[in-house]
Participant: 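Please read through the structure below; I'll follow up with questions.
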Amino acid sequence: MKAGGKRLFPVLILVLLLLTLLLTSCSLPGQQASPPVKRIHISGLIYGADIVAAMAGRVAPPQHIAAHVRCNESAGVADVYGHYMLAVRQADTYRCAVSYPGYADGKVVISAAPPQQAIAVNFGPVGSTSCDPATFSTTTITCSPLNPTPGTLTGTVTRADAHSPLANATVECWSNIDQPQLTNLTLATTDARGHYTLPSAAIGPNDCTVLGKDDIYAATVNGSTTTTLNMQVCQNRCGSFHYHGGSVMESFSAYVIFWLPPTHSYEPYGSSARFESLISRYFSDVGESALYGLLTQYWGVQGQIHNHAELGGVYRDTRPYPASGTRSHPLVDSDITTEIGRAMKLNGWSEAPTNEFFVVTGFNVQECFLANHRDGCTFYTGHDDYCAYHTHTGELIYAYISVSNFCVPLPGRSPNGDAIADTTISIVSHEQFESVTDPLIDGWFSTVAKDGEIADLCLDHYGPIRADGSNVTLGNGHRYIIQEEWSRRAGRCALN
């Protein structure tokens with residue numbers, strides 16, 4: 001077909017091309033191109049409590065854990081060093097959660113954070129108690145480490161004398177891991193059948209008691225499991241040795257003052273240097289031993305006694321005694337406290353609830369607590385006599401140790417080849433254990449005067465004795481002959 005002698009096809013093709021270009025360049029509703037997604041980086045470190053250490057009754061620093069992390073729609077896994085990094089779509093609020101088997105989840109909410117390119121969220125090694133349910137608007141956040149999932153502790157409380165359930169009793173449990181004071185304290189009340197349940201008991205070793213009673217029971221709690229602990233309490237015909245509501249020495253440092261003028265010795269036929277060395281060695285060996293661990297079943301107003309004891313310092317004084325040290329002119333207690341004050345000033349030592357000062361005088365040097373002899377002496381006066389004592393003057397906790405060959409004689413041979421030193425070590429241990437459990441004379445003791453304190457209950461009790469004369473091994477494999485101490489859990493004298 002012709003029109004004016006010209007073909008229409010080229011014109012139509014040109015028109016179609018122009019229409020196509022026009023349509024592709026126009027933005028139609030619902031067909032807009034998506035803008036680029038804006039993302040920020042959320043990264044940090046994840047720590048968790050050391051469950052193995054907790055189960056063993058030890059405190060250990062938090063450890064890195066390869067936990068799962070999710071922040072909004074983004075998820076990932078931390079590496080073996082606890083480090084993670086997520087690229088998260090930019091938003092007004094970021095909800096992050098951290099999870100790992102055996103641990104309670106960690107959570108944090110970040111709201112209205114400034115539009116920086118990165119946010120740091122760390123779980124440990126230190127931080128607030130919990131970041132959940134708090135909301136943060138900063139770009140660096142440190143939460144507490146992940147805590148082990150608690151377990152459940154359950155059982156029945158019965159009367160030991162009547163074997164019947166004890167209803168409406170308060171059960172109190174706490175973590176027995178070496179802490180400065182009672183931690184993770186949980187309470188429950190027994191029902192009519194004497195049954196109790198603690199749904200959130202701390203992982204690891206726990207100690208439990210019935211409020212108002214003295215007995216302590218131990219149980220090891222596993223995470224996310226139920227542990228049974230049955231307890232019996234004494235209602236009638238109870239023992240006289242119990243807690244009186246006062247202080248104990250949660251940890252212990254010994255400061256030993258060897259007061260020995262040149263005219264005196266510790267042993268008439270032995271070595272004073274060896275004597276001093278063995279006494280000092282005992283204080284270095286006894287801490288963290290099974291023997292000292294016996295004290296962990298006792299507690300005071302500030303918390304439980306821990307298996308920690310050390311030798312804080314030694315001072316050797318050759319200054320003459322202010323009295324002859326004879327029966328007619330004995331030393332008195334004020335001489336002892338004056339000597340302690342002098343040694344403290346010279347050595348920079350200080351009074352503290354965890355420090356005890358031991359003064360050891362020469363062989364057969366006599367001492368009376370008071371000049372009138374009414375409160376006892378190291379020799380018999382018709383009143384009390386003693387080989388040693390411990391006491392306090394408010395903040396100062398101290399002990400006096402006399403040395404003689406008739407005070408608590410050994411039941412057999414000397415394990416260290418020094419009978420006087422070994423005898424004195426047992427006396428020192430006696431006063432140390434009583435000081436730890438009753439430093440201010442308001443802690444653990446018997447209401448029956450003759451029974452006295454924890455060591456008095458076991459005076460002259462040594463238990464099985466080995467062929468070398470020893471009955472206990474302390475630190476560094478060193479052997480000693482030491483009197484037993486009262487174990488509340490065993491209900492008898494024991495060495496561990």
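Keep in mind that the numbers below use all heavy atoms, side chains included, and drop hydrogens, waters and symmetry copies.
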Participant: Test side chain to side chain contact (heavy atoms under 4.5 Å, CB included) on D451 and F241 and set out the steps.
Facilitator: CA-CA 8 Å; D451 291 340; F241 179 76; over 6 Å; no

Participant: Taking CZ in R374 as the centre, count heavy atoms belonging to other residues, nucleotides or ligands within less than 6.0 Å. Is the count above 12?
Facilitator: no

Participant: Is there side-chain contact between D456 and E434, with heavy atoms separated by less than 4.5 Å?
Facilitator: yes

Participant: Taking C-beta and beyond as the side chain, do M344 and R342 meet within less than 4.5 Å on heavy atoms?
Facilitator: no

Participant: Please lay out, stage by stage, how I340 and Y255 fare under the test side chain to side chain contact (heavy atoms under 4.5 Å, CB included).
Facilitator: CA-CA 10 Å; I340 293 172; Y255 295 84; over 6 Å; no

Participant: Between the side chains of E367 and Y389, is a donor N or O closer than 3.5 angstrom to an acceptor N or O?
Facilitator: yes

Participant: Walk me through whether S470 and Y480 qualify under side chain to side chain contact (heavy atoms under 4.5 Å, CB included).
Facilitator: CA-CA 5 Å; S470 69; Y480 298 89; 5.9 Å; no

Participant: Run the side chain to side chain contact (heavy atoms under 4.5 Å, CB included) test on L166 and Y196 for me, step by step, so that the C-alpha distance in whole Å, both residues' side-chain angles and the decisive distance to 0.1 Å come before the verdict.
Facilitator: CA-CA 10 Å; L166 184 63; Y196 73 93; over 6 Å; no

Participant: Hey, does T378 have a side-chain heavy atom less than 4.5 Å from the side chain of Y386?
Facilitator: yes

Participant: Hey, mind stepping through W299 and Y243 against ring pair (Phe, Tyr, Trp, His ring centres under 6.0 Å) and telling me if it holds?
Facilitator: CA-CA 8 Å; W299 74 94; Y243 178 54; 5.7 Å; yes

Participant: Grab the two heavy atoms, one from A66 and one from A78, that are nearest each other, plus how far apart they are.
Facilitator: CB-O, 3.2 Å

Participant: Scan for ring pair (Phe, Tyr, Trp, His ring centres under 6.0 Å) pairs involving residues 39-68, sequence neighbours excluded, and state none if there are none.
Facilitator: Y47-H64

Participant: Please tell me if the side chains of I454 and L294 come closer than 4.5 Å, counting only heavy atoms from C-beta onward.
Facilitator: yes

Participant: To the nearest 0.5 Å, what is the distance between CD1 on I481 and OG on S429?
Facilitator: 11.0 Å

Participant: Where is the tightest heavy-atom contact between A388 and I401, given as atom of each residue plus distance?
Facilitator: CB-CD1, 3.7 Å

Participant: Give a yes-or-no answer on whether the side chains of T337 and Y398 include a donor-acceptor pair shorter than 3.5 Å.
Facilitator: no

Participant: What is the distance from atom CD of Q304 to atom CH2 of W174, rounded to the nearest 0.5 Å?
Facilitator: 6.5 Å

Participant: Quick check against the 3.5 Å criterion: does R159 have a side-chain atom that pairs as donor or acceptor with the backbone of V233?
Facilitator: no

Participant: Determine whether E431 and T391 make a side-chain contact, defined as any pair of heavy atoms from C-beta on separated by less than 4.5 Å.
Facilitator: no

Participant: Which of these, V472, V286, V428, sits in a side chain to side chain contact (heavy atoms under 4.5 Å, CB included) with I482?
Facilitator: V472

Participant: Where is the tightest heavy-atom contact between P353 and I397, given as atom of each residue plus distance?
Facilitator: O-CD1, 4.0 Å

Participant: Verify, without hydrogens or angle tests, whether N72 (side chain) and R89 (backbone) share a donor-acceptor contact under 3.5 angstrom.
Facilitator: no

Participant: Distance from Y100 atom OH to L146 atom CG, nearest 0.5 Å?
Facilitator: 10.5 Å

Participant: Does A169 offer a backbone N or O that forms a donor-acceptor pair with the side chain of T190 under 3.5 Å?
Facilitator: yes

Participant: Hydrogens and angles aside, do T154 and H195 bring a side-chain donor and acceptor to less than 3.5 Å of each other?
Facilitator: yes

Participant: With no hydrogens and no angle check, is any side-chain donor or acceptor of S130 less than 3.5 Å from a backbone partner on D132?
Facilitator: yes

Participant: Using only atom types and a distance under 3.5 Å, with no angle test, would you say the side chain of Q297 pairs donor to acceptor with the backbone of R488?
Facilitator: yes

Participant: For the CD atom of E172 and the CG atom of D207, what is their distance to the nearest 0.5 Å?
Facilitator: 11.0 Å

Participant: Could you check whether R281 and N476, counting side-chain N and O atoms only, form a donor-acceptor pair closer than 3.5 Å?
Facilitator: no

Participant: Could you check whether any side-chain heavy atom of I336 comes within less than 4.5 Å of a side-chain heavy atom of F357, counting everything from C-beta outward?
Facilitator: no

Participant: Kindly compute the distance separating CZ (F369) from OG (S334), expressed to the nearest 0.5 Å.
Facilitator: 9.5 Å

Participant: Has N416 got a side-chain atom pairing as donor or acceptor with R479's backbone, closer than 3.5 angstrom?
Facilitator: yes

Participant: Within the distance-only criterion (no hydrogens, no angle test), does the side chain of Q483 pair as donor or acceptor with the backbone N or O of A455 below 3.5 angstrom?
Facilitator: yes

Participant: Give me the atom names and distance for the closest heavy-atom approach of A67 to V98.
Facilitator: CB-CG1, 3.5 Å

Participant: Does any N or O in the side chain of N307 come within less than 3.5 Å of the main-chain N or O of S289, such that one atom is a donor and the other an acceptor?
Facilitator: yes

Participant: Would you say H308 and E288 make side-chain contact, with heavy atoms under 4.5 Å?
Facilitator: yes

Participant: Without hydrogens or angle criteria, can the side chains of D438 and Y298 be said to hold a donor-acceptor pair below 3.5 Å?
Facilitator: no

Participant: Are side-chain heavy atoms of L474 and Y292 found at a separation under 4.5 Å?
Facilitator: no

Participant: Indicate the atoms forming the closest heavy-atom contact of P150 with A201, along with that distance.
Facilitator: CB-O, 3.4 Å

Participant: Taking atom OH of Y81 and atom CG of L45, what is their separation to the nearest 0.5 Å?
Facilitator: 12.5 Å

Participant: Which heavy atom of E453 sits nearest a heavy atom of I441, and at what distance?
Facilitator: OE2-CD1, 4.3 Å

Participant: Is a side-chain donor or acceptor of D442 paired with a backbone partner of S247 at a separation under 3.5 angstrom?
Facilitator: yes

Participant: Is R39 salt-bridged to E73, going by a charged N under 4.0 Å from an acidic O?
Facilitator: yes

Participant: Please tabulate, one pair per line, all N/O donor-acceptor pairs under 3.5 Å involving side-chain atoms of residues 223-232, not counting sequence neighbours.
Facilitator:
| residue | atom | partner | partner atom | Å |
| --- | --- | --- | --- | --- |
| T225 | OG1 | N222 | O | 2.9 |
| N230 | OD1 | T156 | N | 2.9 |

Participant: Are any side-chain N or O atoms of N347 and backbone N or O atoms of W349, one a donor and one an acceptor, separated by less than 3.5 Å?
Facilitator: no

